Amino acid sequence: AHFYYELLHSPKGEPVMEYMRNRKITPRNATNFGLGASADEWTLLTDTMRKKGYGDGELLASGLSIRGKNGGLYDKFRKRLIFPIIDVRGDVLGFGGRIISKDDPGAKYMNTPETIVYSKRRVLYGLNLAKKSKRSNIILVEGNIDVVMLHQAGFDNACASMGTALTTEQIRLLSRYTKELILCYDNDNAGRIATQKALELLNDTDFSVRVLELPNRIVDGQPVKQDADDFIKNQGPDAFERLLSGSETGMDFRMARLAAGFDLTSDQGRIDYAAAAADLLAELPNAVEREIYTTRAAASAG
C-alpha cells in the first residue's frame, strides 16, 4: 500500500494523478482512502518487493505478481488507479485497480484474487471509514469510485461490496454498525437485479431497507443512465440528499419491479400480476405491512 501511495506522488504516478484531477478526486480525499498508482511498467512492484526481501512464492500468493508464459513474474496492476481494500480494523487485505484510459484493453476494474487474508465475501470497501459516520444509516453502492466520491460530497456513510452481490457475511458485518441500509446500485438492468437479490437476502433480517433509484440524465433529448458519482457531479450533493430523503422502501421497489413485468391493461395481465403479488406479499411476516401492500397491489390490479 505504501509502495502504490508513494508511486502516485512520484513522476511515474503523474498519469494516474491527472486522471484523478479529471475525476475531481481531491488530494485530501485520496489520502483519506490511501489511493495509489501502479506504473506503466511490467515488473516495477515485483522488482521492488524482491529487493525488500519478499520471495516469489509470497508475491504470487498475495496476487500482486503473476507468472508469465516464460516462467518469469510480472506485476498484476499496471497503469491503474489503486484502491487499497482495508478491513474494519484498518488492515490492508488486498487491492482494486481501475484503468485510467478508455483505450486500455484491460478490464475496467480488477481486484486481487482471494488469498489467505482477503475474502471478498467478508469485506465491504470503505466500511472502515463509513463505520465512523455520524449518519444513522449506511449507503451501499456498486463501485469504489462511487464510495470515494460520495465521501467527498459529505456522504461518509457509503461503502461497496467487492465486485460481488451482497453476501450474508457482509450483512452480518453491517449489522454491527447500523440497522438501516440504503441500496443505491446503478440504474441499469444489472443494478436492478443486484438490488432485487440484496432485498431478498435482507428480507428476514432486522434491517430497515430503502432503495434509492437514480433518475436518468437527459442528454440531447435522450435518457442516459448514471451512477452515484455521475449524479453528484451533475446535480450536486443537495439533490442527492433530497433523493435520499425520498428513497422508497424495499417492498415498494419490489412491487414496482413486479408490476413492470405484467400488462396491467389486460385482464389476464392483471390476474397474473395479482397471483404473483400474493406470492410476494405472503413472505411479509408483519400483518400490518401485508394489509397496506395488499391494498396497493389491489389498486394496481384494478
Side-chain angles (χ1 to χ4, degrees), residues 130 135-142 146 150 155 157-161 165-168 170-171 174-175 178-218 223-228 230-232 235 237-266 269-302:
R135 291 175 181 260
S136 60
N137 47 35
I138 283 180
I139 305 170
L140 279 175
V141 293
E142 282 189 38
D146 287 335
L150 278 170
F155 303 95
N157 55 334
C159 61
S161 48
L166 192 64
T167 66
T168 50
Q170 289 165 343
I171 289 171
L174 286 163
S175 68
T178 187
K179 284 290 173 240
E180 185 186 351
L181 294 177
I182 296 166
L183 304 179
C184 180
Y185 294 150
D186 295 354
N187 70 344
D188 54 14
N189 195 46
R192 283 190 280 273
I193 291 168
T195 301
Q196 187 80 20
K197 285 182 177 173
L199 287 170
E200 286 166 15
L201 203 57
L202 289 159
N203 207 25
D204 297 324
T205 66
D206 295 332
F207 283 103
S208 158
V209 186
R210 290 188 286 143
V211 177
L212 194 163
E213 277 201 279
L214 295 164
N216 287 331
R217 188 162 53 101
I218 305 302
V224 176
K225 299 186 187 312
Q226 54 186 345
D227 55 24
D230 296 328
F231 184 87
I232 283 174
Q235 311 291 327
D238 290 346
F240 190 82
E241 190 76 71
R242 286 194 294 275
L243 271 188
L244 267 184
S245 303
S247 53
E248 59 189 354
T249 68
M251 187 50 75
D252 283 329
F253 176 87
R254 293 176 76 182
M255 293 292 287
R257 284 284 144 273
L258 188 69
F262 296 92
D263 176 11
L264 298 181
T265 62
S266 75
R270 289 198 292 271
I271 290 165
D272 293 342
Y273 165 73
D279 286 342
L280 177 61
L281 295 172
E283 295 174 17
L284 287 174
N286 184 306
V288 177
E289 260 191 298
R290 275 203 308 273
E291 183 72 24
I292 289 168
Y293 286 109
T294 299
T295 305
R296 288 192 196 170
S300 297

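These numbers come from the heavy atoms of this one structure, side chains and all, not from hydrogens, waters or symmetry mates. Not measured: the values here are computed from a predicted model. One-based numbering along the sequence shown.
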For A297 and M255, the nearest pair of non-hydrogen atoms, with its separation, is CB-CE, 3.6 Å
Test side-chain contact (heavy atoms from CB on, under 4.5 Å) applied to Y293 and L280, step by step: CA-CA 10 Å; Y293 286 109; L280 177 61; over 6 Å; no
How about N286: does its CG atom have over 12 heavy atoms from other parts shown lying under 6.0 Å from it? yes
Where do F231 and L243 come nearest, in terms of heavy atoms and distance? CZ-CD1, 3.5 Å
Are there over 12 heavy-atom neighbours, none belonging to E283, within less than 6.0 Å of that residue's CD? yes
Nearest 0.5 Å, please: how far is CG in L166 from OG1 in T195? 10.5 Å
Side chains of L183 and L199: closer than 4.5 Å at any heavy-atom pair? yes
Using only atom types and a distance under 3.5 Å, with no angle test, would you say the side chain of Q196 pairs donor to acceptor with the backbone of R254? no
For the pair D230 (side chain) and D227 (backbone), establish whether a donor and an acceptor sit closer than 3.5 Å, ignoring hydrogens and angles. yes
Main-chain N/O of L174 paired to T178 side chain as donor or acceptor, under 3.5 Å: no
Go through the steps for Y273 and D263 under the test side-chain contact (heavy atoms from CB on, under 4.5 Å), then give the verdict. CA-CA 8 Å; Y273 165 73; D263 176 11; over 6 Å; no
Of all the heavy-atom pairs spanning Y185 and G191, show the shortest one and how long it is. CB-O, 3.8 Å
Output, in order, the C-alpha distance, side-chain angles, deciding distance and verdict of side-chain contact (heavy atoms from CB on, under 4.5 Å) for S208 and K179. CA-CA 6 Å; S208 158; K179 284 290 173 240; over 6 Å; no
When you measure from the side chain of R290 to the backbone N and O of L284, does any donor-acceptor pair fall under 3.5 Å? yes
Backbone N or O of D188 within a donor-acceptor pair of the D186 side chain at under 3.5 Å? no
Minimum heavy-atom separation for Q170 and A165, please, with both atom names. OE1-O, 3.9 Å
So among L244, V209, I182, which one has a side chain to side chain contact (heavy atoms under 4.5 Å, CB included) with N137? I182
At their closest point, which heavy atom of S300 faces which heavy atom of L264, and how far apart are they? O-CD1, 3.8 Å
Does K197 have more than 12 heavy atoms from other residues, nucleotides or ligands lying within 6.0 Å of its NZ? no
Do you know which of L140, V141, I232, I139 makes side chain to side chain contact (heavy atoms under 4.5 Å, CB included) with D146? V141
Check: N187 side chain, L214 main-chain N or O, donor-acceptor pair, under 3.5 Å: yes
Rounded distance [0.5 Å steps], CD in E213 versus SG in C184: 10.0 Å
With rounding to the nearest 0.5 angstrom, report the CG to OG distance, L181 to S175. 9.5 Å
Is it true that R296 and E289 make a salt bridge, defined as a side-chain N closer than 4.0 Å to a carboxylate O? no
